[in-house]
Amino acid sequence: MFDPPSDEIAPNRPLRVAVLAKQIPVFEDMVLGPDGRMVRDGIDMHMNDYCRRAVAKGTEVARASGGTVTVCTLGPPSAENVCREALLFGVDGGIHICGPEFAGSDTWATAKALAAALERFGPFDLVMMGRNSVDADTGQVPPQLAELLGLPFATGVRHFSLRGDRLELRLEHDDEWVDVAVELPAVVSCAERLCDPCKIKDPAAWATADGSRIQTVGAAELGPGPWGQEASPTSVGEVQMIDVERRRLMMTGTLNEQVNQAVAILAEQGALATGAVADPAMVPDCTEAAFDPPAIAVLVEPGRERVSRELLGAAADLAAQIGGWVAALGYGLDGPGGELGPWGADEQIDISASGNGRPPVEEDLASAMSAWCNQAQPWAVLAPGTAWGREVASRMAASLDAGLTGDAVGLKVGDPGKLIAMKPAFGGWLVAEIACSSPVQMATVRPGVLPLPRPNPQRPPARRLSLASPGRSRLEVIGRRRADDSDELANASVVIGVGQGVDPADYPKLEKHRAAIGAALCATRKVTDHGWMPRARQVGITGHSISPRLYFAIGMSGKFNHTVGVRNAGTVVGINPDPEAPLWEITDIGFVGDWAEVFEALIPEIAHASSRATASTASS
């Protein structure tokens, strides 16, 4: 792997840069209306956090090249403020796609409108956008846009170097770093820490921007359509706001008395037993109608064994309900020891290496898998909700005109025989049932949210087939380095969340406590910003959302940006020396004090009580 790019920007010609930015509601102001949909009237809106990095870096590239940068947004009249803020930052002009025809756009319809605008006002040498929007968190629009424009794509850019027309990038993917190179023109999405953001948040300042430099574009100017909800192959069904009630019990008395109170409450809430987990369900037997329609395809990501097995088990269960069968598709499925039959696959299809002998990149895999889908017409396609899965599935959806639900946390067969995917939004505040109207239905699924099934040894071996990769390989992968294991955090039943109030010098002490109770560690953004923990451990608005049985919050104030990521935790224990900290609003059990002193007394008692509870449950 080469050294991190030097973030050098040395183009050899003036470049036309397009930056796509989205307006989103401020999290704290969200209101759900009586129809189950988000109320946007009267809610404060602002530019998506990731988009702010794209605006800043796109402006820098344009200035260095002597070229121009244009910001483009799709949204209601108020979305013009996104363009105005970008203009004040230094962008040359704005394109505001606006009109009632665009209402109700899903990611596919959004990408279609954006692609039409870029083709009309382009060509552009570089298209930049945020990795995802923090209100929906699917990351689908960037790769769908790249597919529609016929361009290579790189997601999660953390280091950016441009020499001539060659981009050298370090990408932040889940729990690994990927170093790539690609020639312009290209589409890239930006990670949160790529650069300092565009940030001019004063609405009074926005009003001073030169509105004549913003061009409003309606549906008629982009073509015959359809647009908006009419063009969207997904539809929103029932929406529920998830309201989590916390007990907010503050411990009192001496430290030993507080510990005894806390352990008793944890026992009462069932937060201590660790071994009394029911055996997972076995993968269903094969249907007798194997290889006759309908099929369910599972995209298998190399090196992600657990999430692949979760998806295969879910697909086998769905197939049993609809009388179908399961096909696993991916690179490297032809090797010995890779038998997927017991995990739910009836057929496993290996995507061969490209002509240059390199493993196929996401674009090439998506092309091969789309060709298979055009022929097989599967009932559904399931993919992991990882950087890899999001790009492959999004490109496939754009190619197939298929509905794609991103980041699902549950799957079921609805009426009449449709796939229903449960999708969270706004950090888990909302969960919506999403259905697809397209013949091929697609969903990406968060790792760790589906049960890991038991393999079924009675299932026959999967039939082995192979597909040729188209081998375009426009994105050159130079190296990969796995920096962490995000599966550990996604599947942990006990997690300790660490804020910047914990001195890194005390991490060895923290490790002792973590090991005593079998906990995983996560962190606030500021901790990962300092490099004290890997980015894959960040929880919150721009990190992961987790749902452990027991969560400890130490060294943090409890601000919304982090705590939204642990809304679905079973029991929350907070420790903070400030009796007025916002942390107490989201805890079940609170200790006012120093985390190290509390842990020294609390953790041994929890470990002992957990062992007793586990043994008692196992013997009953």
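Heads up: numbering here begins at 1 and tracks the sequence.
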Requested in this report: Among Val598, Ile589, Val572, Ile517, find the residue that satisfies the side chain to side chain contact (heavy atoms under 4.5 Å, CB included) test when tested with Phe552.
Outcome: Ile517
Query raised in the report: Atom CD1 in Ile265, atom CD in Gln269: separation rounded to 0.5 Å?
Result: 7.0 Å
Report task. Taking the side chain as every heavy atom from C-beta outward, state whether Val263 and Leu602 have any pair of such atoms under 4.5 Å apart. Result -> yes
Query - Test applied, side-chain hydrogen bond (donor to acceptor under 3.5 Å, both in side chains); reference residue, Thr386; option that passes from Glu301, Glu391, Glu176 - result: Glu301
Query raised in the report: With no hydrogens and no angle check, is any side-chain donor or acceptor of Thr234 less than 3.5 Å from a backbone partner on Leu404?
Result: no
Report summary line: On a heavy-atom basis, the closest approach of Gly139 and Ser394 is O-OG, 4.4 Å
Requested in this report: Return yes if some donor-acceptor pair links the side-chain N/O of Arg446 with the main-chain N/O of Gly385 below 3.5 Å, else return no.
Outcome: no
Report task. Please check if the side chain of Trp584 supplies one atom and the backbone of Pro579 the other of a donor-acceptor pair under 3.5 Å. Result -> yes
Query raised in the report: Is the Trp595 ring parallel, tilted or perpendicular to the His513 ring (thresholds 30°, 60°)?
Result: perpendicular
Report task. Could you tell me which non-hydrogen atom of Leu382 sits nearest to which non-hydrogen atom of Ala315, and how far apart they are? Result -> CD1-CB, 4.1 Å
Query raised in the report: Would you say Glu605's side chain and Val259's backbone share a donor-acceptor pair under 3.5 angstrom?
Result: no
**Report entry** Closest approach of Arg459 to Pro284 (non-hydrogen atoms, all atoms of both residues)
**Finding:** NH1-O, 2.6 Å
Query raised in the report: Could you go step by step and tell me if Lys412 and Glu433 meet the side-chain contact (heavy atoms from CB on, under 4.5 Å) rule?
Result: CA-CA 10 Å; Lys412 66 180 181 180; Glu433 293 189 355; 3.1 Å; yes
Query raised in the report: Is there side-chain contact between Pro197 and Met47, with heavy atoms separated by less than 4.5 Å?
Result: no
Query raised in the report: Does Arg549 reach the side chain of Thr571, with side-chain heavy atoms less than 4.5 Å apart?
Result: no
**Report entry** Short side-chain to backbone donor-acceptor contact, Asp174 and Ala387, under 3.5 Å
**Finding:** yes
Query raised in the report: In terms of heavy-atom contacts, does CD of Glu511 have more than 12 from other residues, nucleotides or ligands at under 6.0 Å?
Result: yes
Query raised in the report: Between the side chain of Asn260 and the main-chain N/O of Asn256, is any donor-acceptor distance below 3.5 Å?
Result: yes
Query raised in the report: In Å and rounded to the nearest 0.5 Å, what is the CG to CH2 distance from Leu365 to Trp388?
Result: 6.0 Å
Requested in this report: Of all the heavy-atom pairs spanning Cys436 and Thr405, show the shortest one and how long it is.
Outcome: SG-OG1, 4.4 Å
**Report entry** Closest approach of Val283 to Gly313 (non-hydrogen atoms, all atoms of both residues)
**Finding:** CG2-CA, 4.5 Å
Query - Side-chain (Asp350) to main-chain (Gly332) donor-acceptor, under 3.5 angstrom - result: yes
Query raised in the report: Taking C-beta and beyond as the side chain, do Met396 and Leu299 meet within less than 4.5 Å on heavy atoms?
Result: yes
Report summary line: From the list Arg53, Glu172, Arg390, side chain to side chain contact (heavy atoms under 4.5 Å, CB included) with Arg131 holds only for Glu172
Query raised in the report: Do the side chains of Phe153 and Glu362 get nearer than 4.5 Å, heavy atoms only?
Result: no
Query - Qualifying residue for salt bridge (Lys or Arg N to Asp or Glu O under 4.0 Å) with Asp175, from Arg480, Arg482, Arg481 - result: Arg482
Requested in this report: Please name the pair of heavy atoms, one in His544 and one in Leu489, separated by the smallest distance, quoted to 0.1 Å.
Outcome: CD2-CD2, 4.3 Å
Query raised in the report: Donor-acceptor pair, Glu310 side chain versus Val445 backbone, under 3.5 Å?
Result: no
Query raised in the report: Taking atom types as modelled and ignoring hydrogens, do the side chains of Thr107 and Gln144 form a donor-acceptor contact shorter than 3.5 angstrom?
Result: yes
Query - Intermediate values then yes/no, side-chain contact (heavy atoms from CB on, under 4.5 Å), Leu169 and Phe160 - result: CA-CA 5 Å; Leu169 310 169; Phe160 182 102; 3.7 Å; yes
Query raised in the report: Rounded to the nearest 0.5 Å, how far apart are CG of Asp529 and CD of Gln538?
Result: 7.0 Å
Report summary line: dist Leu311:CG -> Trp343:CH2 (nearest 0.5 Å) comes out at 13.0 Å
Query raised in the report: Less than 4.5 Å apart, any side-chain heavy atom of Lys512 and any of Glu600?
Result: yes
**Report entry** Beyond-backbone contact of Val573 with Phe591, side-chain heavy atoms, under 4.5 angstrom
**Finding:** yes
Report summary line: When rounded to the nearest 0.5 Å, the distance separating CG of Leu340 from CD of Glu305 is 9.0 Å
Query raised in the report: If you round to the nearest 0.5 Å, how far is CG of Asp179 from CG of Leu171?
Result: 7.5 Å
Query raised in the report: With a 4.5 Å limit on heavy-atom distance, are the side chains of His46 and Arg52 in contact?
Result: yes
Query raised in the report: So, does Glu488 use its side chain to make a donor-acceptor pair with the main chain of Ala520 at under 3.5 Å?
Result: no
Query raised in the report: What do the steps show when you test Arg246 against Thr587 for side-chain contact (heavy atoms from CB on, under 4.5 Å), and what is the final call?
Result: CA-CA 6 Å; Arg246 294 295 175 191; Thr587 58; 6.0 Å; no
Query raised in the report: Has the side chain of Thr444 got a donor or acceptor atom that lies under 3.5 Å from a matching backbone atom of Ala383?
Result: no
Requested in this report: Test Arg193 against Thr528 for side-chain contact (heavy atoms from CB on, under 4.5 Å), laying out the working first.
Outcome: CA-CA 10 Å; Arg193 296 174 182 80; Thr528 59; 2.6 Å; yes
